[in-house]
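Inspection log for the structure reproduced underneath, given as structure tokens.
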Amino acid sequence: MWKGIFPAVTTKFTEDGGLDHDEMKRCFDLQIDAGCDGIIVCGSLGEGSMLSQEERLEVMKTAQAAAGERPVLMTVAEAATREACALAEKAAKADASGLMIVPSPIYHTNPEETKATLRAVAEAGDLPIMIYSNPVAYRVDVTPDVMEDLADDARFVAIKESSDNIRRTTDIINRLGDRYDVFTGVDNLAFEALSVGAVGWVAGLVVAFPKETVAIYRLMKAGRVDDALQIYRWFRPLLDLDVSTYLVQNIKLAEALEIKSNDRVRMPRMPLSGARRAEVEKIIMDAIASRPVLQDLDLLVA
């Protein structure tokens with residue numbers, strides 16, 4: 001059902017802390033113009049936990065205006081299943097294309113609780129669902145066993161695989177074939193995951209470098225692995241910025257330097273400063289100075 005590059009977009013704020021819809025629309029347009037295949041709003045990178053449900057719906061509407069016919073998924077990552085179901089219902093009424101569900105970001109559910117929560121949210125929203133498995137960040141592992149148990153519900157269509165274990169992609173495919181669209185959710189494992197059968201990439205650094213991200217995916221799908229690897233090796237220092245406690249600040253700084261946006265965040269986060277900011281800025285500027293020349297992507301298989 002879904003494939004390709006789905007940016008986990010950032011949420012843009014005004015100087016007084018409100019939502020900056022004009023800047024979000026500009027940034028989202030850059031993603032779509034570069035050839036991205038969908039948009040995911042209000043995830044970890046989108047500071048979803050710092051937004052009210054109403055604000056998240058507003059962000060989604062702005063993304064829909066940019067995406068046109070391409071899918072826009074709302075992230076559901078609530079502490080309580082009741083609130084998760086409420087957000088799923090609201091997103092469905094606002095014409096979300098689907099949901100990306102984190103089973104439980106606060107209480108670490110066991111497998112039975114995980115399945116019950118996912119089924120409850122699926123029933124509430126009645127939309128196609130990408131299950132987000134990130135045991136590293138959220139300590140809830142949606143294992144292939146859990147995926148197999150959920151496979152009887154056709155609303156579960158995709159997996160965002162972020163276990164940081166590259167073997168997991170093959171485990172899912174070996175166990176379940178093409179039952180789920182497998183997306184990689186770890187930027188600095190994307191090449192590896194695409195190499196072994198992932199059909200999509202929920203990407204972070206794409207928000208600052210959309211053309212390079214799309215190029216890697218399209219080259220891989222066209223069988224031009226060496227060309228993709230050359231770009232990926234250049235990209236790796238940037239992609240490593242996604243695997244950090246400070247991923248939001250890191251990536252928003254990349255947006256500020258590369259696409260002339262800003263790095264405003266919502267507290268308790270604060271923009272990078274001091275030596276940490278200088279270190280990240282150097283990584284970004286070194287990459288900008290040495291970026292590869294891209295092929296004509298229109299000639300590649302999308």
Side-chain angles (χ1 to χ4, degrees), residues 1-8 37-44 46 48 53 56-57 59-61 63-64 67 69-105 107 109-135 138 140-163 168-169 171-185 197-202:
M1 180 174 179
W2 293 322
K3 65 178 182 177
I5 301 297
F6 279 50
D37 301 283
I39 291 176
I40 300 177
V41 298
C42 303
S44 301
Q53 291 195 356
R56 281 177 263 182
L57 294 168
V59 172
M60 187 182 75
K61 290 177 184 177
Q64 289 169 327
E69 297 299 315
R70 299 178 198 190
V72 175
L73 278 58
M74 169 65 80
T75 304
V76 177
E78 303 295 85
T81 302
R82 181 181 63 177
E83 278 67 38
C85 291
L87 179 57
E89 290 177 359
K90 292 174 185 176
K93 290 178 181 177
D95 296 323
S97 306
L99 308 172
M100 183 176 76
I101 305 176
V102 179
S104 176
Y107 171 70
T109 53
N110 66 34
E112 292 306 311
E113 292 169 328
T114 298
K115 288 182 284 188
T117 292
L118 288 167
R119 288 189 185 278
V121 180
E123 186 67 26
D126 196 26
L127 290 170
I129 290 167
M130 179 183 291
I131 300 170
Y132 184 9
S133 179
N134 189 340
Y138 300 116
V140 175
D141 191 1
V142 184
T143 64
D145 286 341
V146 171
M147 296 175 201
E148 187 167 23
D149 287 345
L150 294 173
D152 61 339
D153 189 331
R155 288 173 293 209
F156 296 114
V157 300
I159 304 293
K160 179 184 175 184
E161 210 307 283
S162 298
S163 70
R168 179 62 67 82
T169 299
D171 291 343
I172 296 169
I173 295 170
N174 280 351
R175 174 78 71 87
L176 295 158
D178 61 359
R179 167 61 185 81
Y180 294 99
D181 297 329
V182 180
F183 281 64
T184 179
V199 300
W201 177 2
V202 178

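Fair warning: this is a prediction, and the values are worked out from it, not measured in the lab. All residue numbers in this chain count up from 1 along the given sequence.
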With rounding to the nearest 0.5 angstrom, report the [atom1] to [atom2] distance, [X] to [Y].
X    : Y    : atom1 : atom2 : answer
L118 : T109 : CG    : OG1   : 8.0 Å
M147 : D145 : CE    : CG    : 9.5 Å
I172 : D181 : CD1   : CG    : 11.5 Å
D153 : K115 : CG    : NZ    : 13.5 Å
I131 : K160 : CD1   : NZ    : 13.5 Å
R155 : L150 : CZ    : CG    : 11.0 Å

(message) With side chain to side chain contact (heavy atoms under 4.5 Å, CB included) as the test, pick out the partner of I129 among I101, V157, I159.
(response)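 It is I101; the other options fail the test.
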
For residues [X] and [Y], determine if any side-chain heavy atom of one lies less than 4.5 Å from a side-chain heavy atom of the other.
X    : Y    : result
E78  : V121 : no
M1   : P128 : yes
L127 : S97  : no

(message) Atom CG of residue position D152 - does it have more than 12 heavy atoms of other residues, nucleotides or ligands inside 6.0 Å?
(response)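 Counting neighbours around CG of D152, more than 12 heavy atoms of other residues, nucleotides or ligands fall under 6.0 Å, so yes.
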
(request) Test F183 against every option in Y132, W201, F6 by the ring-ring contact (aromatic ring centres under 6.0 Å, His included) rule and name the one that passes. (result)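 Only one of Y132, W201, F6 forms a ring-ring contact (aromatic ring centres under 6.0 Å, His included) with F183, namely F6.
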
Where do [X] and [Y] come nearest, in terms of heavy atoms and distance?
X    : Y    : value
W2   : A158 : CE3-CB, 3.9 Å
G38  : P7   : O-CD, 2.8 Å
A88  : L99  : CB-CD1, 3.7 Å
S162 : N134 : O-OD1, 3.5 Å
D171 : P144 : CB-CG, 4.4 Å
T117 : P103 : CG2-O, 3.3 Å

(request) Given side-chain contact (heavy atoms from CB on, under 4.5 Å), test E148 with L176 step by step and report yes or no. (result) CA-CA 7 Å; E148 187 167 23; L176 295 158; 4.0 Å; yes

(message) Applying side-chain contact (heavy atoms from CB on, under 4.5 Å) to V59 and M74, what does each step give before you reach the verdict?
(response) CA-CA 9 Å; V59 172; M74 169 65 80; over 6 Å; no

Look at the side chain of [X] and the backbone N and O of [Y], then say whether any donor-acceptor pair between them is shorter than 3.5 Å.
X    : Y    : result
Q64  : A94  : yes
D37  : I5   : yes
S133 : V142 : yes
E123 : A120 : no

(request) Might you work through the side-chain contact (heavy atoms from CB on, under 4.5 Å) test for R168 and D141, ending with a clear yes or no? (result) CA-CA 11 Å; R168 179 62 67 82; D141 191 1; 3.1 Å; yes

(message) Walk me through whether S44 and Y138 qualify under side-chain contact (heavy atoms from CB on, under 4.5 Å).
(response) CA-CA 11 Å; S44 301; Y138 300 116; 2.2 Å; yes

(request) Given side chain to side chain donor-acceptor pair (under 3.5 Å), test Y107 with T81 step by step and report yes or no. (result) CA-CA 11 Å; Y107 171 70; T81 302; over 6 Å; no

(message) Suppose the criterion is salt bridge (Lys or Arg N to Asp or Glu O under 4.0 Å): which pairs have a residue in residues 81-100, not counting sequence neighbours?
(response)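 Salt bridge (Lys or Arg N to Asp or Glu O under 4.0 Å) check on residues 81-100 returns E54-K90.
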
